[in-house]
Amino acid sequence: MGVFGGAIFVVLSLLVIERAVTTLGHAKGEREETAETGSCDASAGTWVYDSSYPLYNSSQCPFLENQFKCLENGRHDAGYLKYRWKPAGGCDLPRFDGRGFLSRLRGKKLMFVGDSLSLNQWQSLTCMVHTAVPEAKYTSTTVDGLSNFSFPEYGVELMFFRDAFLVDIVSTSTGRALQLDSLQNAKLWEGTDVLVFNSWHWWLHVGRKQPWDYIQEGNKTYKDMDRLVAYEKALNTWAKWVDSRVDPSKTTVFYQGVSPDHANASDWGQPKADACLDQTRPLAVSRYPAGPHPAELVAEKVIRSMTFPVRLLNVTYLSQLRVDGHPSVYGFGGHRNMDCSHWCLAGVPDTWNLFLYQSLVAHKF
Ligand SMILES: *[C@@H]1O[C@H](CO)[C@@H](O)[C@H](O)[C@H]1NC(C)=O
Ligand SMILES: *[C@@H]1O[C@H](CO)[C@@H](O)[C@H](O)[C@H]1NC(C)=O
Ligand SMILES: *[C@@H]1O[C@H](CO)[C@@H](O)[C@H](O)[C@H]1NC(C)=O
Ligand SMILES: *[C@@H]1O[C@H](CO)[C@@H](O)[C@H](O)[C@H]1NC(C)=O
Ligand SMILES: *[C@@H]1O[C@H](CO)[C@@H](O)[C@H](O)[C@H]1NC(C)=O
């Protein structure tokens with residue numbers, strides 16, 4: 001049975017006791033370790049100040065892209081680095097044990113598939129692991145949209161495949177067709193042990209940033225479509241592929257969850273603010289003023305309809321509270337003007353990776 005074999009659907013509300021985490025890497029006793037399942041839901045909670053944060057020093061992560069290096073790009077307030085997610089209900093996210101993570105993943109491939117928010121989370125994970133094993137050799141290459149960060153001594157490959165829509169865009173004589181029911185890239189994902197999918201932000205692009213000319217579904221073509229409807233159709237195509245082509249005893253599949261942007265400060269009740277600029281603190285509220293993210297609701301609906309036990313990283317709400325977590329004007333090389341979509345690193349995606357880590361370690365291998 002594979003390392004992630006025998007997947008049981010574990011919603012990310014496992015109570016991972018500190019013990020289950022700190023014993024990681026001690027091969028002996030590992031087998032007996034069972035994750036205690038409690039009623040702790042890590043998706044709800046609050047951000048608390050923690051002087052031990054951040055999880056790594058971004059300037060000691062040599063491969064981090066400029067667009068995420070807010071401090072190095074001149075951001076002066078460093079408070080945003082100091083917050084730890086505290087789930088409601090008395091449970092804590094595990095501490096990240098990078099060495100144990102590599103041992104668990106020995107001989108395995110993990111791949112993020114999606115847009116630049118996947119890049120954001122992948123970069124966060126590689127920084128977290130590199131910081132844990134700074135002496136370990138790594139190689140990093142990018143060929144044809146596939147970035148491959150590997151730790152040869154562990155035989156671990158952490159990859160990122162850029163694929164903003166998951167479904168295909170095909171050039172035809174009449175223009176670029178966004179094909180909602182076609183998934184040609186899927187063959188590149190096969191043979192990966194852990195897949196982490198994400199798509200949303202590109203569905204919103206119109207005008208020059210929109211990389212397609214019309215939408216195609218079966219024999220029908222559309223000039224345009226409600227973007228949430230198109231997103232749902234595409235996710236259903238993805239879901240069908242996962243349900244029919246992925247073996248849950250060999251492959252663990254995550255959905256990264258929808259990463260919210262903070263481009264409109266009315267969403268959190270500060271209509272006078274200039275998007276996320278100059279936000280220095282997480283929102284201290286018990287409900288995000290604009291409510292749940294509509295795309296997240298679509299993703300949850302599709303995942304619920306699947307037979308494959310996809311694990312959702314339910315990080316949308318905790319990210320909605322982090323109006324302070326974006327590069328804003330300190331994201332050189334990313335957005336041209338103000339970037340309230342991506343996240344500074346170190347930062348919020350580190351917590352997404354704690355969810356990923358929690359799920360992978362809490363699971364009996
Ligand atoms: C995700 O988290 C939010 C906020 O806690 C919650 O309302 C929602 O039900 C969760 N979704 C799933 C599928 O667990
Ligand atoms: C991060 O690393 C840089 C370069 O090594 C160092 O100058 C800086 O003091 C470190 N920052 C913190 C908060 O430790
Ligand atoms: C990733 O890089 C490692 C080390 O160079 C290599 O062994 C492996 O084949 C690469 N994987 C892919 C999918 O290219
Ligand atoms: C597309 O049209 C052709 C010819 O009319 C038909 O044979 C085929 O079944 C159609 N395909 C779909 C997916 O509707
Ligand atoms: C921002 O949100 C408010 C209310 O949520 C809406 O009325 C307004 O049109 C939005 N502004 C932009 C630029 O989208």
Side-chain angles (χ1 to χ4, degrees), residues 1-7 10 12 21 24-25 55-56 61 63-64 94 96-133 136-143 145-163 166 185-199 238 241-242 245-257 308-313 315 345 349-365:
M1 193 159 58
V3 167
F4 302 106
V10 201
L12 274 156
V21 174
L24 249 185
L55 297 180
Y56 52 89
C61 187
F63 40 82
L64 189 55
F96 185 72
D97 172 1
R99 212 171 277 278
F101 179 74
L102 284 174
S103 304
R104 287 272 172 149
L105 275 178
R106 192 175 284 280
K108 302 285 168 192
K109 297 178 173 47
L110 180 153
M111 192 191 288
F112 291 93
V113 180
D115 57 24
S116 53
L117 276 311
S118 299
L119 170 70
N120 220 169
Q121 186 175 355
W122 171 72
Q123 286 238 294
S124 154
L125 183 64
T126 53
C127 287
M128 286 164 76
V129 178
H130 170 67
T131 299
V133 290
K137 265 207 339 236
Y138 63 83
T139 66
S140 183
T141 57
T142 299
V143 179
L146 177 67
S147 302
N148 173 10
F149 193 99
S150 97
F151 291 93
E153 292 150 34
Y154 293 85
V156 171
E157 290 166 37
L158 303 176
M159 296 183 282
F160 161 58
F161 182 69
R162 190 180 282 278
D163 194 355
L166 301 181
N185 284 332
K187 55 183 173 295
L188 299 166
W189 314 331
E190 282 169 6
T192 307
D193 303 282
V194 182
L195 286 163
V196 188
F197 291 98
N198 149 60
S199 178
W238 164 81
W241 176 79
V242 173
R245 301 294 294 277
V246 184
D247 178 350
S249 75
K250 294 209 174 79
T251 305
T252 304
V253 177
F254 287 90
Y255 198 76
Q256 186 180 326
F308 191 100
V310 171
R311 306 189 201 179
L312 172 68
L313 300 179
V315 297
L345 293 180
D350 305 337
T351 297
W352 305 350
N353 280 318
L354 291 181
F355 274 60
L356 178 70
Y357 172 74
Q358 178 192 39
S359 180
L360 290 174
V361 301
H363 194 58
K364 198 144 194 270
F365 293 95

Heavy-atom closest contact ([X] atom, [Y] atom, distance):
| X | Y | value |
| --- | --- | --- |
| G257 | N198 | O-OD1, 4.1 Å |
| V156 | G107 | CG2-N, 4.3 Å |
| W122 | L158 | NE1-O, 3.0 Å |
| F308 | V242 | CG-CG1, 3.5 Å |
| C127 | L64 | SG-CD1, 4.0 Å |
| P309 | P248 | CD-CB, 4.1 Å |

Closer than 3.5 angstrom, by distance alone: can the side chain of [X] be matched with the main-chain N or O of [Y] as a donor-acceptor pair?
| X | Y | result |
| --- | --- | --- |
| E157 | M111 | no |
| R104 | L360 | no |
| Y357 | D97 | yes |
| Q256 | G114 | no |
| S124 | N120 | no |
| D115 | S199 | no |

Once you round to the nearest 0.5 Å, how far does [atom1] of [X] lie from [atom2] of [Y]?
| X | Y | atom1 | atom2 | result |
| --- | --- | --- | --- | --- |
| S140 | F160 | OG | CZ | 12.0 Å |
| L110 | D193 | CG | CG | 8.5 Å |
| F197 | D163 | CZ | CG | 9.0 Å |
| R162 | S147 | CZ | OG | 7.5 Å |
| N353 | Q358 | CG | CD | 12.5 Å |
| M159 | T141 | CE | OG1 | 10.0 Å |

Describe, in one word, how the ring planes of Y138 and H130 are oriented to each other, choosing from parallel (under 30°), tilted (30 to 60°) and perpendicular (over 60°). perpendicular
Between W241 and W189, what is the ring plane arrangement, given parallel below 30°, perpendicular above 60°, and tilted in between? perpendicular
Compare all side-chain heavy atoms of [X] with those of [Y] and state whether any distance is below 4.5 angstrom.
| X | Y | result |
| --- | --- | --- |
| D350 | Y56 | yes |
| Y154 | R99 | yes |
| V129 | L102 | yes |
| N185 | V113 | no |
| L188 | L146 | no |
| F151 | E153 | no |
| L356 | Q121 | yes |
| T251 | L195 | yes |

Is there a ring pair (Phe, Tyr, Trp, His ring centres under 6.0 Å) between W238 and Y255 once you walk through the steps? CA-CA 11 Å; W238 164 81; Y255 198 76; 5.4 Å; yes
Mind checking whether F254 and F355 have ring centres under 6.0 Å apart? no
